[in-house]
Amino acid sequence: MKDLSSHILDIVQNSIRANARRIGIELEEDLLRDRLTVRIEDDGDGMDEETLRRVRDPFYTSRTVRKVGLGIPLLTQNAERTGGSVTIESALGKGTVLTATFTHSHLDRPPLGDIAGTLALLTAANPEREFVYRHTSGKGEYRFDTREVRQLLGEVPVNDPEIVRAIRELIAENVSEISEEG
Amino acid sequence: MDKIKTLADLKKIRERVQAKIDLREKSENTENMVQIKVGMSTCGISAGSKETMSWFLEHLEENGIQAVVTQTGCMGHCSYEPTVEITKPGREPIVFGKVTPRKAEEIMQKYLKKDELVEGILPANYDTIEGIK
């Protein structure tokens, strides 16, 4: 994975497979503590203790079409090599919260990448799910909520190419204003 | 075009798209749209499936193809990612492998527009002999 937006896209797929209706994605850039935190929270099926224990094992997956599951191990590797970590809290029927922390200034910290494009694609590809994105930094806060967007769109489909393009631009404009990255 | 920065800006776009959809629905049935599903799991994402999905979304209109673009999971063809499953109305789905934006362009010009097959089709939905019987 080249950047954090790819990791986010990837981890959110786990929430989707767990039948989440509502997925929160939070990105916090704290330069005072030199930390970048990504938190992905869902209201999906959740995991029992046994699954939760095995979820970091690259040779564990809930899929049957292949034998490896690399999403969480790859994220953990990237977080740990910047001095950060990944924690996962979950219980059956209660959803899951995954928190990844990175040292913001670390050379090996993956760049944010195309956050706007990732969120626009997730919104377009999952019209039946709700996404809430919250980005905070020393410069301010931005919140994107697909419920607001859907309400505004009415019967215009959220996956119309022109709408997807507009959503991407909307997020990109706002994120670039508060991001602490170059 | 003006910048899109607030939900109010998005609403203006909505008005324009609404007008376009009204025109379209008079002439075509939305059920007859092509379905394009892009594999979006760890293997797909690291191979560039996000760029592939964006490419389809951005180039359908100019090519005159009406399609719904969504995502799907991993089908087990990890070494052939990004994979894209295309279902034309009333047809069996076809899964294409290694669909970079360049390959997507070829699929657009040949399969979607002229109904010609291209190289790189994966045996994802072949029937077994039992299945055919």
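Proteins come first, then strands; the chains are lettered A, B, ... in the order of their sequence lines, and each starts at number 1.
Placement of Leu152(A) and Tyr142(A) within a single hydrophobic cluster is found when ILVMFWY residues are connected by side-chain heavy-atom separations under 4.5 Å, directly or transitively. One hydrophobic cluster holds both Leu52(A) and Ile40(A) under the rule that ILVMFWY side chains link at heavy-atom gaps under 4.5 Å. At a threshold of 4.5 Å between side-chain heavy atoms, the hydrophobic network of Ile, Leu, Val, Met, Phe, Trp and Tyr places Val17(B) and Val69(B) in one connected group. Residues Ile65(B) and Tyr111(B) share a hydrophobic cluster, clusters being chains of Ile/Leu/Val/Met/Phe/Trp/Tyr side chains in contact below 4.5 Å. Clustering ILVMFWY residues whenever any of their side-chain heavy atoms sit less than 4.5 angstrom apart, transitively, puts Val34(B) in the very cluster that holds Met53(B).
The line from CD1 of Ile72(A) to OG1 of Thr42(B) is 9.0 Å long, rounded to the nearest 0.5 Å. A distance of 5.5 Å separates CG of Leu9(A) from CE of Met40(B), quoted to the nearest 0.5 Å. If you take CG on Leu170(A) and OG1 on Thr6(B), they are separated by 7.5 Å, rounding to the nearest 0.5 Å. In this structure, CG in Leu57(B) is found 8.0 Å from CG in Asn159(A), a value given to the nearest 0.5 Å. Between Leu153(A) atom CG and Lys11(B) atom NZ the span is 10.0 Å, to the nearest 0.5 Å.
Atom NZ of Lys113(B) sits in a crowded spot, with more than 12 heavy atoms from other residues, nucleotides or ligands closer than 6.0 Å. Within 6.0 Å of atom CZ in Phe131(A), more than 12 heavy atoms from other residues, nucleotides or ligands are found, so the atom counts as buried in its surroundings. The environment of Glu119(B) atom CD is sparse: at most 12 non-hydrogen atoms of other residues, nucleotides or ligands sit within 6.0 angstrom. Under a cut-off of 6.0 angstrom, the local environment of NZ in Lys98(B) is sparse, with at most 12 non-hydrogen atoms contributed by other residues, nucleotides or ligands.
For the pair Lys5(B) and Asn174(A), the tightest heavy-atom approach, listed with the atom from each and the gap, is O-ND2, 3.0 Å.
Of the two parts of Asp114(A), the backbone and the side chain both hold a non-hydrogen atom closer than 4.5 Å to a non-hydrogen atom of chain B. At a 4.5 Å heavy-atom cutoff, the contact between Arg168(A) and chain B is made by side-chain atoms alone. Neither the backbone nor the side chain of Ile171(A) comes within contact range of chain B; no heavy atom of the residue lies under 4.5 Å from a heavy atom of that chain. Contacts of Ile167(A) with chain B are made by both backbone and side-chain atoms, with heavy-atom separations under 4.5 Å. The contact between Glu155(A) and chain B is made by backbone and side chain atoms together, counting heavy-atom distances below 4.5 Å.
The salt bridge (charged side-chain N to carboxylate O under 4.0 Å, His left out) test with Glu162(A) is passed by exactly one of Arg16(B), Lys12(B), Arg14(B): Arg16(B).
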Exercise. Step by step, would you call Asn126(A) with Gln71(B) a side-chain contact (heavy atoms from CB on, under 4.5 Å)?
Worked result: CA-CA 8 Å; Asn126(A) 299 280; Gln71(B) 57 163 61; 3.8 Å; yes

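Taking chain A as the reference chain and counting heavy-atom pairs below 4.5 Å, the highest number among Ile45(B), Leu7(B), Asp9(B) is found for Ile45(B). In terms of heavy-atom pairs under 4.5 angstrom with chain A, the leader among Ser54(B), Ser46(B), Cys74(B), Ser41(B) is Cys74(B). The most heavy-atom pairs under 4.5 Å with chain B, out of Gly71(A), Ser5(A), Ala120(A), come from Gly71(A).
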